[in-house]
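Okay, structure first, notes after.
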Amino acid sequence: MQPVLSIKNVAKSYGPIQALKGVSFDVPEGSVFGVLGPNGSGKTTLLGIVLDVLLANSGTFTWFDNMPHDVARRQIGSLLETPNFYHYLSAFNNLEITAAIRGKGVDDRDRVLKQVGLFERKDSKFQSFSLGMKQRLAIGAALLGGPKVLVLDEPTNGLDPAGIAEIRELIRTLNKEGITIIIASHLLDEIEKVCTHVAILKKGDLLLSGPVDEVLVSEDQVEVRAGDMVALQDALQTMSGVKRIRLNDNTLQLACDANTGTVQVNEFCISKGITLSHLLLRKKSLESKFIELTN
Ligand code: ATP
């Protein structure tokens, strides 16, 4: 399948600050693609470049298998910053103004309002909306004209928990309707909950990218101790399912493959004549993996 967006070696500096240092990845069609990284890692810069708002210093990107940018642009809806809606106008009339500014989608307002679940409230004033509804209207504005791809920068920033849940649900629904969605976020939780794919940035470098369930697998650790720690470590170094061993506070921490857990480690030690005095499975959270990656 052709990626909807292919980014190759994109670099961008602001004077001495290297915001992006040669970033490459593909966004598969039909994915919810998260660009994840702490503040200042280059997410907004990257979105600005692929939306033709900023110029890269080097590197290339192509939309829809080399479609000319101006044609591709019509297939892309984006929400980089919250649009200025008029508080005293209705949702419907606000979308009329947005459509006029963008020169597209004025006849598309009913469809879009249904798509974001605001059709019943189309004549209500913007000021009567909850935070989640306001953000749904902003996403609705980005959907005018029926784009195939939606690009969102930190779409749940500043929302209350109810609003966050609404927006995440909307993203899932839009994706089920066939829209590819690219989201920049500094929240691991957001990426984990709504994204199928992720690219992790740190200070302008791409650390890794791929399907969320491959890239963000949490790695469990088995902890062991025995009377003779040296013999224990020597023995475990020969065990096939053990990927890494770390000695920490007189305890060995074992990073194991998917088929190796406490039972296998215990059986192995018994077979080597070693009796364990401590055996524990420590679940490593994604949070700690993310912090380890980005720190
Ligand atoms: P945030 O979530 O805080 O917006 P981000 O991951 O989106 O972070 P960028 O906004 O792309 O990151 O910023 C990347 C780096 O480039 C940061 O060091 C930032 O200070 C710098 N930067 C961004 N825009 C400019 C600019 N217009 N002029 C100078 N430096 C900039």
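Ligands are counted one by one from 1 in listed order, and the atoms in each one are counted from 1 as well. A quick note: this is a predicted structure, and the numbers were derived from the prediction, not measured.
Under 4.0 angstrom from ligand 1, the non-hydrogen atoms of T44 come from both its backbone and its side chain.
Atom 12 (O) of ligand 1 is approached by the protein to below 4.0 angstrom, counting heavy atoms only. In this structure, atom 26 (C) of ligand 1 is in close contact with the protein, since a protein heavy atom lies within 4.0 Å of it.
No more than 12 heavy-atom neighbours from other residues, nucleotides or ligands sit within 6.0 angstrom of NZ on K272.
Among L47, V35, N39, the residue whose heavy atom lies closest to atom 2 (O) of ligand 1 is N39. Heavy-atom proximity to atom 3 (O) of ligand 1, evaluated over P16, G40, S41, is greatest for G40.
Considering only residues two or more places apart in sequence or on other chains, R225 meets the salt bridge (Lys or Arg N to Asp or Glu O under 4.0 Å) condition with none of them. In this view, Q253 and Q221, E223, R246, N248 satisfy the side chain to side chain contact (heavy atoms under 4.5 Å, CB included) rule, not counting sequence neighbours.
Formation of a donor-acceptor pair under 3.5 Å by the D257 side chain with backbone atoms of V242 is not found in this model.
Annotation: atom 9 (P) of ligand 1 to nearest protein heavy atom, T45 OG1, 3.6 Å. Annotation: atom 29 (C) of ligand 1 to nearest protein heavy atom, Y14 CB, 3.4 Å. Ranking protein heavy atoms by distance to atom 20 (O) of ligand 1, first place goes to I17 CD1, 4.8 Å.
Counting only N and O atoms by type, the side chains of S6 and K8 include a donor and acceptor under 3.5 Å apart. Checked by atom type, the side-chain pair S90/D123 shows no donor-acceptor distance below 3.5 Å.
With I171 as reference, L152 is the one residue of T156, L152, L150 to meet the side-chain contact (heavy atoms from CB on, under 4.5 Å) rule.
Using a 4.5 Å cut-off between side-chain heavy atoms of Ile, Leu, Val, Met, Phe, Trp and Tyr, with links allowed through other members, V106 and F126 fall into different hydrophobic clusters.
Judged by the shortest distance from any of its heavy atoms, G42 lies inside the 4.0 Å radius around the atoms of ligand 1. Remark: distances from the non-hydrogen atoms of P38 to ligand 1 include one below 4.0 Å.
Near A19, the atoms of ligand 1 lying under 4.0 angstrom from a non-hydrogen atom of the residue are 14 (C), 15 (C), 16 (O).
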